[in-house]
Amino acid sequence: MPTTLTINGTSHQVDLPGNVPLLWVLRDALGLTGTKYGCGVAACGACTVQINGEATRSCQVLLEDVDGPVTTIEGLGTPDNLAAIQKAWVANQVAQCGYCQSGQIMQAASLLAEIPDPSDEEIDEAMAGNLCRCGTYPRIRAAIHDAANMIKTGA
Amino acid sequence: MGKLKTFTRRAFIVSSVAVTGGVAFGAYLMARTPDNPLAESPGALNPWVVINTDGITLVAPRAEMGQGVMTTLAALIAEELDVALEAVNVIHGPPAQAYFNSAAVAERHYSESQHQPSGFGAIMAQAFPKVISLQITGGSTSAIDAYSRMRLAGASARATLLQAAANQLGTGLDVLKTENGHVIAPDGTRIRYADLASAAADLEPAQAPRLKSPAEWRYIGKSQPRKDQAPKATGTAGFGIDVRLPGMRFASVRMTPRLGGEMISFDASNAETMDGVEKILNLGDGVAVVASNTWLAIEAVNAIDITWGKAPYPHENADIFEKISEAFDTDPNVTLREDGELATAPTSFEAEYRVPYLAHATMEPMNSTAVITDGTLEIWSPNQAPIMVRDRCAKLAGIDSDKVTVHTPFMGGGYGRRAMVDFAEIATRVAVQMPGIPVQTTWSREEDMRHDFYRPGAIARMRGHVEDGKITTLDGQMAAPSIMAQTMKLFTGFDLAPADPTLTEGAHDQPYAIPNHRVRGHSSDVAIPVGFWRSVGNSQNAFFYDSFVDELAHEASVDPLEFRLRHMRGEHAPSATVLETVRDMSGWTGKTPDGVGRGVAFCFSFGTAVAEVVEVQQDADGVIRLSDMWIAADLGLILDPLNVEAQLTGGAVFGLSAAIHGEITFADGMAEQENFPDYDALRMASTPRFHVELLQNMERMGGVGEPGTPPAAPALANALFDLTGQRARQLPLGSQFSFLT
Ligand code: FES
Ligand code: FES
């Protein structure tokens, strides 16, 4: 029986067994490849999406357990219409290989929704589960602070 | 192949204009251009620069894996072509001889006059790129290779466009100018490059175009907005794992975890019955499952019961290191430093160091997507070596190389891992059994970590002597499996024992004046696959060599930074300046309060001098945190400062991550670590604050992707010694000290 998911405001019918993790539903069934596979065991954060606005590791959520609207990186903004947080990422030239950045941005977006002006410690804590093998952490931190300012000033 | 060899520049331009999104087709044709067209026809609308009505495209000879090469190369072209950087589109070049990496094996020693490569090394340096068609992104060479070639390509294209305009207008060249993608006529008329490109293609390309002087540079030396940032911030950058094709299936594999061993038998009955599993493939030395999604393919392949044969190396870690240490009893493979009289030189201090095998652990696990149709292979492979992908996959598919199309998507990290092409080969072997159907073969993280070409484990034995505050004897021996021997065998099939400078790089080539100074490398024959891990031999040898210098400084009771300078000032002034810079930046006094430790380290690698100072702080519970890191580097010429900073700090994080957490050990012939919980890296909170200063005193341009890595481990180990008095002679440090995670 197909499952209905709301992703980035659009309703999708998915005809997959309920035990398939959301990550793979997004990537392999719906072609939403912005969300990445890094570890499959909740250890890297590359697969982070928001469910009901909360940052969640999509590799750990089974299709049958998705209990609210899903937002993926594709739902934040596009290259021609960047969300504030994405503008901050671009302005700080955060990405190196870029593979982890969808997850970093989704995690950071959740943080900013909860704490509009986070301290370094709050950033450390919120971002602890997001690995970046290229070592872009200093710029991620700077981009989060910039994004906080941009959102505050409506820039 | 014959008809394609006759391809002309004109054919190329026409084709690329004729096809929608012309650049892709243009790139396809360029794969068939004769060898090194730049040598015969430098420049105009050449394998690198494509101008048509769609705009200007740079077909990049190197691939983007995070090092910013797309933007740096485009800036070099834009600079000389006189167009806006934003106007240059960039695509990854297909496999082609034209995209040789001329810097791939170049010897880049701090001293031109001394320590030339040995005879064989010199031959290798010449022959290696051509012999095996090294179109390689690696060795921190992208920008160095491109600096001359990209500027020349841009300048020649510009000069030829000017000539076409002169012909059209009936004027002399001297009255024409260029500006932002246009030729400007004496009356101010502006002619778009695109409108001249076709005529320019009929001209003899400009042979010796004038290059801009540095004073005229508009882009070089200044930070540019990276072209890949918006795609990477929106999830729209296409990585290998993101390739989606009509009718595509998803596969995952399990190859023998006793690397190089056999598969004896398997029982797939559990996997066969799983809903959505389409096919189980016997690959001989492993199995693949083809399914409707990747997760299912991974689940199913893991459900297969497999009996593996023995590995061709000792099964237990202790025995592997025992075998490595036996290499000390053999003749050295390389002696690349031998000054003074070592036989009679006094020794008062000895130490042995050891480092483990390391995995690359790129964020994007290994994958490739392949389809075989009517005797052709099309493969999408995030790789650092497309010519090797083409040729080796052609062989596996039983077709000629010219029947292979290789696409290089973005790479989710490379660090040297994707200079090997096993992931492309395996995807091809899967595709061969699924004719007509595109199959994406993705390795699970566990498969990825257990099937690497690892940074070899290594052991160093050092002896030394100090007198009057200076080193009089430094004699180092390093034993490790030879990357060069394994790689040569893999790529050429020949079982050679080449001289392998990677055994001692980072130790034999450091700018210290020491009267009795010798460094020897011993090659050990352990068959665990090894390869190029960010900074290669420097990654372990800098730890050995620099830690030992630090120990000698304490033996001599001299401040460790000043101690290094004493031996460096007369030997290589730019390196000494780098050390002085990091001293001043960090406010180094040689003294630290209780609970704080500082360490310094230096390594000259890839033509770049880098000094790093790490500060560690210990809290009341004994937990150690990395608070700050200062990096000074001299690269000779800096193309893009912001990007250089990113590479140096990223390289340092990579080195610190390995120093604290990185360790691949073997038990029962298999790697024991398989995912990030047992092979972790620095996280946001555990990463120090960075302070970077860039210098340009050296005459030649150095690399940037790797030199930030080697000093990281010794700087941290030296800081821990300062903090605790405990000298770490073995990595990883996380098993000896308690770090904040
Ligand atoms: S893939 Fe989900 S946390 Fe790593
Ligand atoms: S940018 Fe490469 S892993 Fe984060």
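Both backbone and side-chain heavy atoms feed into the values below; hydrogens, waters and symmetry mates do not. Chain A is the first sequence line, chain B the second, and so forth, proteins listed ahead of strands; every chain is numbered from 1. Quick caveat: nothing in here was measured; it's all calculated off a predicted structure.
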Should the heavy atoms of other residues, nucleotides or ligands under 6.0 Å from CD of Glu54(A) be counted, would the total exceed 12?
->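 Not more than 12 within 6.0 Å, no.
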*Are there more than 12 heavy atoms of other residues, nucleotides or ligands under 6.0 Å from atom CG of Asp275(B)?*
no
Here the gap from Leu62(A) atom CG to Trp295(B) atom CH2, rounded to the nearest 0.5 Å, amounts to 7.5 Å
To the nearest 0.5 Å, atom CG of Asp242(B) lies from atom CZ of Arg27(A) at 4.5 Å
For this session: Name the member of Val90(A), Ile140(A), Val94(A) that forms the most heavy-atom pairs with chain B at distances under 4.5 Å.
Result: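 Among Val90(A), Ile140(A), Val94(A), the one with the most close pairs to chain B is Val90(A).
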Would you mind telling me which of Gln93(A), Gln101(A), Gln104(A) has the largest number of heavy-atom pairs within less than 4.5 Å of chain B?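 When all of Gln93(A), Gln101(A), Gln104(A) are compared, Gln93(A) has the most.
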What option among [options] has the most heavy-atom pairs under 4.5 Å with chain A?
options                                    : answer
Gly238(B), Pro365(B), Ala237(B)            : Pro365(B)
Thr236(B), Ile241(B), Leu296(B), Thr649(B) : Ile241(B)
Ala233(B), Gly412(B), Pro225(B), Ala230(B) : Ala233(B)

Please state whether the side chain, the backbone, both or neither of [X] comes within less than 4.5 Å of a heavy atom of chain B.
X        : answer
Pro79(A) : both
Leu32(A) : neither
Thr78(A) : backbone

Shortest non-hydrogen contact from [X] toward [Y]:
X         : Y         : answer
Tyr99(A)  : Met363(B) : CE2-O, 3.2 Å
Tyr137(A) : Val653(B) : CE1-CG1, 4.3 Å
Asp228(B) : Gln96(A)  : OD2-O, 4.0 Å
Phe239(B) : Gly98(A)  : CZ-C, 3.7 Å
Gly77(A)  : Thr234(B) : O-CG2, 3.8 Å

How about Val20(A) and Glu299(B): do any of their side-chain heavy atoms sit closer than 4.5 Å? no
Which portion of [X] sits near chain A, non-hydrogen atoms under 4.5 angstrom:
X         : result
Asn675(B) : side chain
Ile298(B) : side chain
Ala361(B) : both
Phe690(B) : side chain
Ser444(B) : both
Thr294(B) : both

Under 4.5 Å, heavy atom to heavy atom, which residues of residues 33-46 of chain A contact chain B?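 Within residues 33-46 of chain A, near chain B: Thr33(A), Gly34(A), Lys36(A), Tyr37(A), Gly38(A), Cys39(A), Val41(A), Ala43(A), Cys44(A), Ala46(A).
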Within residues 115-133 of chain A, the residues sitting under 4.5 Å from chain B by heavy atom, in sequence order, are Ile123(A), Asp124(A), Met127(A), Ala128(A), Gly129(A), Asn130(A), Leu131(A), Arg133(A)
Would you list the atom pairs, donor with acceptor, under 3.5 Å between side chains in residues 4-11 of chain A and any protein atom, with sequence neighbours excluded?
from, atom 1, to, atom 2, distance (Å)
Thr4(A), OG1, Gln13(A), NE2, 3.0
Asn8(A), OD1, Thr72(A), N, 2.8
Asn8(A), ND2, Thr72(A), OG1, 2.9

By side-chain hydrogen bond (donor to acceptor under 3.5 Å, both in side chains), Arg244(B) pairs with (sequence neighbours left out) Asp28(A), Gln440(B)
> For Arg141(A) and Arg689(B), what are the C-alpha separation, side-chain angles and deciding distance, and is it a side chain to side chain contact (heavy atoms under 4.5 Å, CB included)?
Replying inline: CA-CA 11 Å; Arg141(A) 186 195 300 286; Arg689(B) 279 186 299 258; over 6 Å; no
